[in-house]
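This report concerns only the one structure given below.
Computation of the quantities below employed the complete heavy-atom set of this structure, encompassing side-chain atoms and omitting hydrogens, waters and symmetry-equivalent molecules.
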Amino acid sequence: MRLKPFAWLAIALATMGMTREQLPSGLAPDHDDAPIWGIMKAGTRFQIDRAKGLYVASFDKTMKASEGQRFTISGYILPLDASRNFTHFVITRRNTGCPFCPPNEMGEAVEVFSRKPIAYSTEEVTFVGRLRLVSSSTDGLFYRLEDASGS
């Protein structure tokens, strides 16, 4: 079914503020509000080092205790290269291709290094791996999932 732009706007406005359970049947939410994203945000403090021109992160005890541990994250694939299958990519909290979704915030992305090549999907995915924390933006994203596999 193809809807006109104003129809999409009407649907978006009518469903704003609804929980996943309240959404009309067949209408997918913009992203999963999995609690882990909130835990990561609450457990990380981001600052700008203006002298060096980079972002830095400091992690609380909960996040530090998670380092090197088995970690599960759900979100949307953001490819880093233009290939059909890849082992290095990013998972974001919100779908970056959704025009009605709010943008991802600082720290709402996890760099993933998977064991096996995976194919791109527009659907929400879940990966499990070992969490690594990165304190400086010169080293990439602030969260890494290493030796990851889809579940």
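Closest approach of Gly68 and Arg132 over heavy atoms only: CA-NH1, 3.4 Å. Closest of all the heavy-atom pairs between Tyr120 and Ile77 is CE1-O, 3.6 Å. The two atoms that bring Pro99 and Gly97 nearest to each other are CD-O, 3.4 Å, heavy atoms only. The shortest heavy-atom contact between Phe127 and Ile91 is CD1-CD1, 3.6 Å. Counting all heavy atoms, side chain and backbone alike, Met63 lies closest to Tyr143 at CE-CE2, 3.8 Å. In terms of heavy-atom proximity, Val110 sits nearest to Arg144 at CG1-C, 4.2 Å.
Contact annotation: the side chain of Glu111 approaches that of His88 to within less than 4.5 Å [non-hydrogen atoms, C-beta and beyond]. With contacts defined as side-chain heavy-atom distances shorter than 4.5 Å, the pair Met40/Ile73 qualifies. Within the 4.5 Å cutoff, the side chain of Thr96 has heavy atoms near those of the Asn104 side chain. With contacts defined as side-chain heavy-atom distances shorter than 4.5 Å, the pair Arg70/Val128 qualifies. Contact annotation: the side chain of Phe89 approaches that of Ile118 to within less than 4.5 Å [non-hydrogen atoms, C-beta and beyond].
In this structure, the side chain of Asp49 does not engage the main chain of Leu54 through any donor-acceptor pair within 3.5 Å.
Within the model, atoms CZ of Arg94 and CH2 of Trp37 stand 9.5 Å from one another, a figure rounded to the nearest 0.5 Å. Atom OG1 of Thr87 is separated from atom NZ of Lys116 by 13.0 Å, given to the nearest 0.5 angstrom. Note that CG of Asn95 is 9.0 Å distant from CD of Glu123, once rounded to the nearest 0.5 Å. Separation of atoms OG1 (Thr44) and NZ (Lys64) is listed at 10.5 Å; rounding is to 0.5 Å. A distance of 11.5 Å separates CZ in Arg93 from SG in Cys101, rounded to the nearest 0.5 Å. Atom CG of residue Asp147 and atom CZ of residue Arg130 lie 5.0 Å apart, to the nearest 0.5 angstrom.
Phe113 and Val90 fall into different hydrophobic clusters, where Ile, Leu, Val, Met, Phe, Trp and Tyr are joined by side-chain heavy atoms under 4.5 Å apart, directly or via other members. Cluster annotation: Val56 is not connected to Val134 through the hydrophobic network of ILVMFWY side chains, with a link wherever side-chain heavy atoms come within less than 4.5 Å. Tracing side-chain contacts under 4.5 Å through hydrophobic residues (I, L, V, M, F, W, Y), one reaches Leu133 starting from Ile36; they form part of the same cluster. By the criterion of side-chain heavy atoms lying less than 4.5 angstrom apart, applied directly or through intervening Ile, Leu, Val, Met, Phe, Trp or Tyr residues, Leu80 is not grouped with Phe86; the two fall into different hydrophobic clusters.
Sorted by first and then second residue, the pairs that involve residues 39-74 and meet ring-ring contact (aromatic ring centres under 6.0 Å, His included), not counting sequence neighbours, are Phe46-Phe142.
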